[in-house]
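Since the structure comes first, as structure tokens, the remarks are kept for the end.
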Number of protein chains: 2
Amino acid sequence: MADSPSLDPAQLGAYFALIEVTSLLRHAVEQQLREAGDLSYVQFQLLATLGDAPTGSRRMTDLADGVVYSRSALTYQAGLLEKSGLITRAPDPDDERGTMVTITDAGRERLTQVFPGHIEIVKGLLFEPLSADDVQTLAGLLTPVRDHMRATPPRSAAPRRRKRT
Amino acid sequence: MADSPSLDPAQLGAYFALIEVTSLLRHAVEQQLREAGDLSYVQFQLLATLGDAPTGSRRMTDLADGVVYSRSALTYQAGLLEKSGLITRAPDPDDERGTMVTITDAGRERLTQVFPGHIEIVKGLLFEPLSADDVQTLAGLLTPVRDHMRATPPRSAAPRRRKRT
DNA sequence: GAAAGATGCTTCGAATTTGAAGCACATCGA
DNA sequence: TCGATGTGCTTCAAATTCGAAGCATCTTTC
């Protein structure tokens, strides 16, 4: 039977605060990135992900998964970034189907150009009201959640839907 | 001035986890809402916000701010929701410029229709790895951040582009 | 080793989002 | 009261997003 599930007040508060905080933070960051380096948030995420990779390269799919993005949107953005000279695309030697995306020097430059302001925003908005301990705690809480979400059937597991009889 | 700011590892971890958790959660919820009630996340947020209001009504701008949305996008979505009969729009008696948006019975019905599944997802993904205490802690950390962000120069410090002299 | 099925990416069309510009009403100051 | 400016919402064109369909390349399976 439908046992009408619910969230207790603390859960509701946490959930709403989470959504709201992220939305507000994202808007602020988006604006900063646009002004400081003419980048959208997604573009920044892509560059940052690439810059973080040891080789500076990733496959398209890995990028999309990392950023939680549709593949077609990624193709579009990769096209823009390539046209801007911030990344390059080349077929993956190991798998001719795949495309290896690599950040260019210009891409890294853009990152360093935008980073200080970015961090400024994150610090000023997100971390301002939090102590060092708070931050530790927050990370300690969210990391397991992240891992849990990553482990749980991503989004290809909706086939268990059965029609009601 | 340029003190080359940076984030310590814990801050970085918290920041990334926050972004990632929210993205993943949002994707999952989005899918559920679409299946259960043919609603986008934004539409759900709008309905939920209205349903939460004592009178079931809000002004457009308040809605946009609550959901962190551009006004034009809100106009578009309100148009869709109105056409679906989930809300109504009427001029604000107190301020003829303003538009009062009100949730309809059908809108409330739709909410109750999607709510159980929504909560199910949030519980299963977000709260599964968290104890009751954890949730309390999380809410206790995020709420001040939310308030801080709301207090800090809103999202558009330049609501109306004013000519520089 | 070839057909059948997966997988990785792009292309395509439709829906959505956005900022700028526009319109209507409100408010302020002389 | 009038004119100048501010505010609330909508309209508009352009950019971005997504899912479905299409291609090319692997991987099974017999």
- Relative to the ring of B/His118, is the ring of B/Phe44 parallel (under 30°), tilted (30 to 60°) or perpendicular (over 60°)? tilted
Please report, rounded to the nearest Å, how far the [atom2] atom of [N] is from the [atom1] atom of [X].
X       : N      : atom1 : atom2 : answer
A/Glu30 : D/dT16 : CD    : P     : 11 Å
A/Leu81 : D/dT16 : CG    : P     : 10 Å
B/Arg26 : D/dC18 : CZ    : C1'   : 14 Å
A/Asp65 : C/dT7  : CG    : C1'   : 13 Å
A/Tyr41 : D/dT17 : OH    : C1'   : 17 Å
A/Asp38 : D/dA15 : CG    : C1'   : 13 Å

- Message: Once side chain to side chain donor-acceptor pair (under 3.5 Å) is applied, do any residues pair with A/Thr22, and if so which ones, sequence neighbours excluded?
- Response: B/Thr22
- Message: For B/Gln45, give me all partners under side chain to side chain donor-acceptor pair (under 3.5 Å), at least two apart in sequence or on another chain.
- Response: none
Determine the minimum heavy-atom distance between [X] and [Y], stating which atoms define it.
X        : Y        : answer
B/Gly79  : B/Arg89  : CA-NH2, 3.5 Å
B/Ala17  : A/Thr143 : CB-N, 4.3 Å
B/Leu47  : B/Leu111 : O-CD1, 3.5 Å
A/Val145 : B/Pro129 : CA-CG, 3.9 Å
A/Gly37  : A/Gln113 : CA-NE2, 3.7 Å

- What are the residues of residues 46-53 of chain B, sorted by number, that bring a heavy atom to within less than 4.0 Å of DNA chain C? none
- Query: Once you build an axis from the first five pairs and another from the last five of the helix from C/dG1-D/dC30 to C/dA30-D/dT1, how far apart in angle are they, to 10 degrees?
  - Reply: 30°
- Determine, stepwise, if the pair B/Tyr41 / B/His27 fulfils ring pair (Phe, Tyr, Trp, His ring centres under 6.0 Å). CA-CA 9 Å; B/Tyr41 190 61; B/His27 268 272; over 10 Å; no
- Determine, for nucleotides 9-19 of chain C in 5'-to-3' order, which nucleotides have protein heavy atoms under 4.0 Å from the base (write B), from only the sugar-phosphate (write S), or from neither (write -). SBB---SSBBB
- Message: Side chains of A/Asp134 and A/Ser131: any donor to acceptor distance under 3.5 Å?
- Response: yes
Output a table of donor-acceptor pairs, distance under 3.5 Å, between side-chain atoms of residues 51-62 of chain B and any protein atom two or more places apart or on a different chain; print 'none' if there are none.
residue : atom : partner  : partner atom : Å
B/Thr55 : OG1  : B/Ser57  : N            : 3.1
B/Ser57 : OG   : B/Thr102 : OG1          : 2.8

